[in-house]
Amino acid sequence: QYHQNKFTLCLFNGLKMVHFNVFDFKSFEDVVYYTYYTMEQFEFSPSESIMHLGGKYSDTDKVQKAFQTYSSKIFQLKPNCCTDISIEKSDAIINTIFDLQCG
């Protein structure tokens, strides 16, 4: 989940959250590095893990392309009930929900 110059990374094993952290980042490479490094620490397989991306970030496409090198199960977070709204509004809704749930 992107928040300007920070991103939140959560790892779930089934329905159990096993890791939660907020990282500062300066480039899309930082997002990729911190994500895969954390996944390695918790023994998550990039090729087998489902990844959900959300939030507003100008280099989202670069991050997704980098993740696609090792991961094939990548999805954009979007509220199921809001299929007729733009991606910008969807990202704003997801950010609000995420902030309320996870701080």
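Just so we're clear, the structure is a prediction, and the values are computed from it rather than from any experiment.
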CG of Leu9 to OG1 of Thr38, rounded to nearest 0.5 Å, is 5.0 Å

d(Leu53 CG, Phe67 CZ) to nearest 0.5 Å is 6.0 Å

Residue pairs meeting side chain to side chain donor-acceptor pair (under 3.5 Å), one or both in residues 65-74, sequence neighbours left out, come to Tyr36-Ser71

By salt bridge (Lys or Arg N to Asp or Glu O under 4.0 Å), Asp24 pairs with (sequence neighbours left out) Lys6

Legend entry - Close side-chain approach of Met17 to Leu11, heavy-atom, < 4.5 Å: no

Separation between CD (Glu48) and CE (Met39), nearest 0.5 Å, reads 10.0 Å

Sorted by chain and number, sequence neighbours left out, side-chain hydrogen bond (donor to acceptor under 3.5 Å, both in side chains) with Ser47 holds for Ser45

Here the pair of heavy atoms bringing Val63 nearest to Phe28 is CG2-CB, 3.5 Å

Residue set satisfying salt bridge (Lys or Arg N to Asp or Glu O under 4.0 Å) with Asp59, at least two apart, ordered chain then number -> Lys62

Across all chains, not counting sequence neighbours, the ring pair (Phe, Tyr, Trp, His ring centres under 6.0 Å) partners of Phe44 are none

When rounded to the nearest 0.5 Å, the distance separating CG of Asn13 from CD of Glu43 is 11.0 Å

With sequence neighbours left out, the residues meeting ring pair (Phe, Tyr, Trp, His ring centres under 6.0 Å) with Tyr33 are Tyr37

Scanning both residues in full, the closest heavy-atom pair of Phe7 with Thr35 reads CE1-OG1, 3.7 Å

For residues 7-20, the salt bridge (charged side-chain N to carboxylate O under 4.0 Å, His left out) pairs (sequence neighbours left out) are none

Glu40 meets the side-chain hydrogen bond (donor to acceptor under 3.5 Å, both in side chains) criterion, sequence neighbours left out, with none

Hits for side chain to side chain contact (heavy atoms under 4.5 Å, CB included) against Asp30, two or more places apart or cross-chain, chain-then-number order -> Phe25, Lys26, Ser27, Tyr34

